[in-house]
Peer 1: 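Here it is: the structure, laid out below.
Throughout, protein chains are lettered first and strands after them, A, B, ... in sequence-line order, and every chain is numbered starting at 1.
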Number of protein chains: 2
Amino acid sequence: MTKVTKDELGKRERNKLDKRERIRDAAWSLFTRQGFEATTTKQVAQEAGVAKGTLFLYAKDKPDLLFLVFHDRLATAVDEGFASMPGRAPLIDQLMHLFRRIFEMYAEHPEVASAFVSALPGAEGPNAMAVHGLTLAFVTRVGGLITEAQQRGDVSDEVPPQLAGANIFALYFGALLGWLNGMASLEVALENMLRPSLELQIRGFRP
Amino acid sequence: MTKVTKDELGKRERNKLDKRERIRDAAWSLFTRQGFEATTTKQVAQEAGVAKGTLFLYAKDKPDLLFLVFHDRLATAVDEGFASMPGRAPLIDQLMHLFRRIFEMYAEHPEVASAFVSALPGAEGPNAMAVHGLTLAFVTRVGGLITEAQQRGDVSDEVPPQLAGANIFALYFGALLGWLNGMASLEVALENMLRPSLELQIRGFRP
DNA sequence: TTCAAAAACTGACCACGGTCATAATCTGTC
DNA sequence: GACAGATTATGACCGTGGTCAGTTTTTGAA
């Protein structure tokens, strides 16, 4: 069984991937230039060089285009955040490092980010599912940080790592919503909202 | 300066209140019968006995109708929850009592509730603002519970009550989203998701 | 190469949410 | 009661998101 690389695919699969990319890039370009609401699906189709109906073969609806464009950006931010994370720093510093990287990604285009985050609850469609998968993996990885902290002796063994990961995610998501809708500055959101919130949660992790 | 009761109002104000109620009731009736998506604004207008344009004098857009119908229901659930709350019970029991009352309210019509909660982030319009006000008041009252627990000696004085209230709200909101979209049972959502989450947060409140 | 079945694409079409110029109604004043 | 000004109500109208019957492209088998 040989590894399948991009140019070994059949014409069908290659065309699909190409179109997917073109749609993603067209959507991103228009959303950042005009905003999400002001962009019509017709425009996205035109800029991507496909018919309007084709758009909805690659995204269930207009919000699903947001998930298409943010999936890779989010995945990259998360991966970079974990990759550059200090291994032996206190848990709060690790978390803040991670979330700072993610917040910075959103801060590049706050209006589009706000539309994305607001559309997340209850979203359906293939790209929404992909983002949901990212989220689950993320919560699991945060849970892994808790486990590591337990091995270091920084966190009590009584704390269930996955539950702790889920709580931390809920607090992060709350801070994210508050930030993007209230439009505070990045630093204020991180240091005055998210950090105290996480610190109060982590108090309960102490052995 | 006499207290202004309903029938002392001018004809204008009375008509406005009447229409508002008719719109609220028509929307609620249709949403519960057909679901939010399946209900058209035209139907709501007809059932309320107003023109379609009039609808949008009382709600900024279709989601804002959800906020119109849920505002009173939510306020009632919250008030009842606080009113019937055991005064000297442990904090976790007080919170669970409160949230149980709220979850039960949502459980009466889970589909409509799901649309409501999903529409909350980033919502605009007069009714959305009213619900937002409810939320702020709610967080403050939860903060008050923390203060009371501190006076009882159950919670450390180092815990900022308002921050604690905000954290608890974020965890509640996360559990609510997970419940309404994952469609677990009410009991599972309350006992297996929300309670452990709150308990893990409250660990950090101990003196 | 040929062909038939499957998969992907298309754009005319439609129902809906939301707007706005106009009409109707209310209010306080004389 | 009569009026002017202010507020509220109306529904024809419009642009949009989303659909789907019909068309084109790809595939693998013969």
Peer 1: Search all heavy atoms of A:F205 against all heavy atoms of A:I146 and return the closest pair with its distance.
Peer 2: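 So the minimum-distance heavy-atom pair works out to CE1-CD1, 4.1 Å.
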Peer 1: Using the 3.5 Å cut-off, write out each protein N or O paired with an N or O of nucleotides 7-9 of chain C and the distance between them.
Peer 2:
| unit_1 | atom_1 | unit_2 | atom_2 | d |
| --- | --- | --- | --- | --- |
| C:dA7 | N3 | A:R12 | NH2 | 3.2 |
| C:dA8 | OP1 | A:K16 | NZ | 2.9 |
| C:dC9 | OP1 | A:K19 | NZ | 2.8 |
| C:dC9 | OP1 | A:Y58 | OH | 3.4 |
| C:dC9 | OP2 | A:Y58 | OH | 3.0 |

Peer 1: Which pair of non-hydrogen atoms, one from B:N181 and one from B:S114, has the smallest distance, and what is that distance?
Peer 2: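 That closest heavy-atom pairing would be OD1-OG, 3.5 Å.
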Peer 1: At a cut-off of 3.5 Å, list every protein nitrogen or oxygen paired with a nitrogen or oxygen from nucleotides 15-17 of chain C, distance to 0.1 Å.
Peer 2:
| unit_1 | atom_1 | unit_2 | atom_2 | d |
| --- | --- | --- | --- | --- |
| C:dG17 | OP1 | B:K62 | NZ | 3.0 |
| C:dG17 | OP2 | B:T41 | N | 2.8 |
| C:dG17 | OP2 | B:T41 | OG1 | 3.0 |
| C:dG17 | N7 | B:K52 | NZ | 3.3 |

Peer 1: Angle between ring planes, A:Y172 versus A:F99, binned at 30° and 60°: parallel, tilted or perpendicular?
Peer 2: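 A:Y172 vs A:F99 ring planes: parallel.
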Peer 1: Over its full length, what angle do the end axes of the helix from C:dT1-D:dA30 to C:dC30-D:dG1 make, each axis taken from five pairs and the result rounded to 10 degrees?
Peer 2: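 Its terminal axes enclose an angle near 10°.
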Peer 1: Let's go through A:R141 and A:L98 carefully: what are the C-alpha distance in whole Å and the side-chain angles of both, what is the deciding distance for side-chain contact (heavy atoms from CB on, under 4.5 Å) to 0.1 Å, and is it a yes or a no?
Peer 2: CA-CA 11 Å; A:R141 291 175 84 173; A:L98 186 55; over 6 Å; no
Peer 1: What is the distance, rounded to the nearest whole Å, between atom CG of A:D64 and atom P of D:dG17?
Peer 2: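 It is 14 Å, rounded to the nearest whole Å.
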Peer 1: What is the distance, rounded to the nearest whole Å, between atom CD of A:Q43 and atom P of D:dT16?
Peer 2: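 Rounded to the whole Å, the gap is 8 Å.
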Peer 1: Drop me the distance from B:E158's CD to A:R203's CZ, to the nearest 0.5 angstrom.
Peer 2: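 Those atoms lie 5.0 Å apart.
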Peer 1: Return the value, rounded to whole Å, for the distance between atom CD of A:Q34 and atom C1' of D:dT16.
Peer 2: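 Going from A:Q34 (CD) to D:dT16 (C1'), I get 14 Å.
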Peer 1: Just say parallel, tilted or perpendicular for the rings of B:F70 and B:Y106, cut-offs at 30° and 60°.
Peer 2: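 Tilted: the ring planes of B:F70 and B:Y106 meet at 30° to 60°.
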Peer 1: Rounded to the nearest angstrom, tell me the gap between atom CG in A:L55 and atom P in D:dC20.
Peer 2: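 My rounded result for the distance is 17 Å.
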Peer 1: With respect to B:E47, which candidate in B:R24, B:R33, B:K42 satisfies the salt bridge (charged side-chain N to carboxylate O under 4.0 Å, His left out) definition?
Peer 2: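 Only one option passes, and that is B:R33.
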Peer 1: State whether the number of non-hydrogen atoms from other residues, nucleotides or ligands found under 6.0 Å of A:R22 atom CZ is greater than 12.
Peer 2: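 It does: A:R22 CZ has more than 12 such atoms within range.
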Peer 1: Do you know which two heavy atoms are closest between A:A128 and A:D64, and how far apart they sit?
Peer 2: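 Closest approach of A:A128 to A:D64, heavy atoms only: N-OD1, 2.9 Å.
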Peer 1: Cation-pi check for A:F36 against A:K62: NZ or CZ below 6.0 Å from the six-membered ring centre and within 45 degrees of the axis, yes or no?
Peer 2: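 Yes - A:K62 lies over the ring of A:F36, closer than 6.0 Å to its centre and within 45° of its axis.
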